[in-house]
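Below is one structure, written out as structure tokens, with a few remarks after it.
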There are 2 protein chains.
Amino acid sequence: MTSILMIDDDVALTQLVAEYLQLDGYQFKAVHQGPEGLELAKSNAFNLILLDIMLPGMDGLTLLKQLRQHSYCPVLMLTARGDEIDRVVGLELGADDYLAKPFSPRELVARIKAIVRRVELIQQQQQPQLSTVQVNSLRLDSAKRQIFVQDNTLILTATEYQILELLMRHAGDVVSKEDLSQLALGKRLQLYDRSLDMHISNIRKKIAQYDEGEKIQTLRGLGYLLLKGEH
Amino acid sequence: MTSILMIDDDVALTQLVAEYLQLDGYQFKAVHQGPEGLELAKSNAFNLILLDIMLPGMDGLTLLKQLRQHSYCPVLMLTARGDEIDRVVGLELGADDYLAKPFSPRELVARIKAIVRRVELIQQQQQPQLSTVQVNSLRLDSAKRQIFVQDNTLILTATEYQILELLMRHAGDVVSKEDLSQLALGKRLQLYDRSLDMHISNIRKKIAQYDEGEKIQTLRGLGYLLLKGEH
DNA sequence: CACTCCTTTACACAACCTTTACGTTGGCTT
DNA sequence: AAGCCAACGTAAAGGTTGTGTAAAGGAGTG
């Protein structure tokens, strides 16, 4: 079960969030003091931490900094409206996402789900995986770090390989641009960042050299998809 | 099975690491005291040791120094963020790699795998091997310690011979620069160290004297590769 | 001190990733 | 249906990083 720790001095807000998240099946705990929150956070007993920037006793950014000395636990920052500076500093310190107050519970749950899903994706990457995967005319050989199209070897750069491997290992599922960026490029997707699009474009060109029919589909606003099976 | 010993006083961290490594199929044991750790480490019962630099009772670097009197067991150092001095001293004392806290479990597993793979490569080198290997127009005669190109003897230095032998014995696979440096040059690859590149360059020139077609391929960011088989 | 070999230095270049710019698409509003 | 706009496709330019290699430097040997 996913367990969430919320560190926020606004008791009414934590109670509201508690109701929503417990309704959604999350284990939830809230504390209202910075130092107490840090201790709990360092215990690694939670899958996700909701962290208010404005805290009595200890600033949220300071807390995050200290937490990052010990733990990579995902952190979703909560801050006063549009405080762009906090946002930038927070993301630099390793927060996973940012949500401005006031937020709707619906939006909070959506962000939480996105983070949890990505963490699961990452953990899945660490599991032993099939060393060879076949998707239609594409064949992945991860031992040799090569991908073939109908027995032709694709000449891919390291980044292109990582992206295509991800798509192949999740063939049939949509892979979001945010996930692709974090897992293959190692950075969060920024507004107006088109580099992932370019990589996709280049991969498509290289595949099309050998098989015009094998296509990476675009799902506008959602991500990319490699269809598998008979069509 | 690969068994790993972790020496770190942070109990929560060792438990976290334990979960991840056991999930990945490693045998794992953790101790939280320096002296106890040294005793266990000296037993040679482990394939790899994760060693924290900051330890109560006995400093990690001191421990490493004493361990190296008895054992060549691979050591991966764990240290506070960016403590460059510890890093340098540690690597000089014979640590195999270095990881700054906090690290992601994913990164830890990747480093562990890299070390284990290299150790296996070294052990493989020590096994009895085929005394002659043929790769396209290249022929290795390890009894004579010579390499021929289409019946022409290559005049190679000791280092060049070792590098080319490694590439030939792993023809078809990428051999990383890190591995080549450690196995053929006997030292870790440092940033801006170009000596391996020079050896490769010289080997290429000598091969090209006799066969323009026989090429050592470069895989940017990965290593070098000697392609084998019909083309 | 001549010789060989390994390493370092320095510069050029190529491969790669990202950004820019502009064209296209598809969903949504009016 | 027309118009709008954000998301996407991609060519080309820009910037960064890794690699190739000549030449100089250093270390060891006889």
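Here is how names work: the chains are called A, B, and so on, in the same order as the sequence lines, proteins then strands, and each is numbered from 1.
- Put simply, B:His199 has no side-chain N or O that comes within less than 4.0 Å of OP1 or OP2 on C:dC5.
- The CD-C1' distance, from A:Gln190 to C:dC17, rounds to 16 Å in whole Å.
- Not counting sequence neighbours, the partners of A:Ser142 by the side chain to side chain contact (heavy atoms under 4.5 Å, CB included) test are A:Ser131, A:Tyr161, A:Glu165, A:Arg169.
- Remark: B:Glu120 pairs with no residue by the side chain to side chain donor-acceptor pair (under 3.5 Å) rule, at least two apart or across chains.
- Near-neighbour residues of DNA chain D inside residues 173-183 of chain B, defined by a heavy atom below 4.0 Å, number-ordered: B:Lys177.
- Considering only residues two or more places apart in sequence or on other chains, A:Ser104 meets the side chain to side chain contact (heavy atoms under 4.5 Å, CB included) condition with A:Arg106, A:Glu107.
- Nucleotides of DNA chain D nearest to B:Gly221 and B:Asn202 differ in position, and the one nearer the 5' end is that of B:Gly221.
- Applying the salt bridge (Lys or Arg N to Asp or Glu O under 4.0 Å) criterion to B:Lys215, with sequence neighbours excluded, gives no partner residue.
- Atom CD1 in B:Ile203 sits roughly 13 Å away from atom P in C:dC5 (whole-Å rounding).
- Residue B:Thr157 places no side-chain N or O under 4.0 Å from the OP1 or OP2 atom of C:dT4.
- B:Gln123 and B:Gln127 share no side-chain donor-acceptor pair at under 3.5 Å.
- Between A:Thr159 and the phosphate of C:dC16, there is no side-chain N or O to OP1/OP2 separation shorter than 4.0 Å.
- Following rounding to the nearest Å, B:Ile216 (CD1) and D:dT21 (P) show an atom-to-atom distance of 11 Å.
- Nucleotide C:dC17 holds its P atom 14 Å from the NZ atom of A:Lys205, rounded to whole Å.
- In this structure, A:Leu219 atom CG and C:dG27 atom C1' are separated by 14 Å, rounded to whole Å.
- Partners of B:Thr2 under the side chain to side chain contact (heavy atoms under 4.5 Å, CB included) rule, at least two apart in sequence or in another chain, are B:Ile4, B:Tyr26, B:Asn47, B:Val116.
- Ionic pairing of B:Lys187 and B:Asp193 is present here: one or more N-O contacts between side-chain nitrogen and carboxylate oxygen are shorter than 4.0 angstrom.
- Comparing B:Ala158 and A:Ala158, the nucleotide of DNA chain C nearest to each residue sits closer to the 5' end for B:Ala158.
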Listing, residues 204-212 of chain A side-chain donor-acceptor contacts under 3.5 Å, not counting sequence neighbours, or none:
from	atom 1	to	atom 2	distance (Å)
A:Arg204	NE	A:Ile216	O	3.2
A:Arg204	NH2	A:Ile216	O	2.7
A:Arg204	NH2	A:Thr218	OG1	2.7
A:Lys206	NZ	A:Ile155	O	2.9
A:Lys206	NZ	A:Glu160	OE1	2.7
A:Asp211	OD1	A:Gly213	N	2.8
A:Asp211	OD1	A:Glu214	N	3.4
A:Asp211	OD2	A:Ser137	OG	2.7

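- Among the nucleotides C:dT7, D:dA22, D:dC8, the one closest to the side chain of A:Asp197 is D:dC8.
- Residues in residues 128-154 of chain B take part in these salt bridge (charged side-chain N to carboxylate O under 4.0 Å, His left out) pairs, two or more places apart or across chains: B:Arg139-B:Asp151.
- A salt bridge links A:Asp179 with A:Arg117: the closest approach of a Lys/Arg side-chain nitrogen to an acidic carboxylate oxygen falls below 4.0 angstrom.
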Can you name the atoms? Protein N/O to nucleotides 19-25 of chain C N/O, anything below 3.5 Å, with the distance.
from	atom 1	to	atom 2	distance (Å)
C:dT19	OP2	A:Asp193	OD1	3.4
C:dA21	N6	A:Arg194	NH1	3.4
C:dT25	O2	A:Arg220	NH1	3.3

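- Spacing between atom CD1 of A:Ile207 and atom C1' of D:dT10 amounts to 16 Å, rounded to whole angstrom units.
- Of the listed nucleotides (D:dT10, D:dT19, C:dC5), D:dT10 has the atom at the smallest distance from the side chain of A:Ser201.
- Within the structure, every side-chain polar atom (N or O) of B:Tyr161 is placed at least 4.0 Å from both OP1 and OP2 of C:dC6.
- With rounding to whole Å, B:Leu222 atom CG is found 13 Å from C:dC16 atom C1'.
- Whole-Å rounding puts the B:Glu160 CD to C:dT7 C1' distance at 13 Å.
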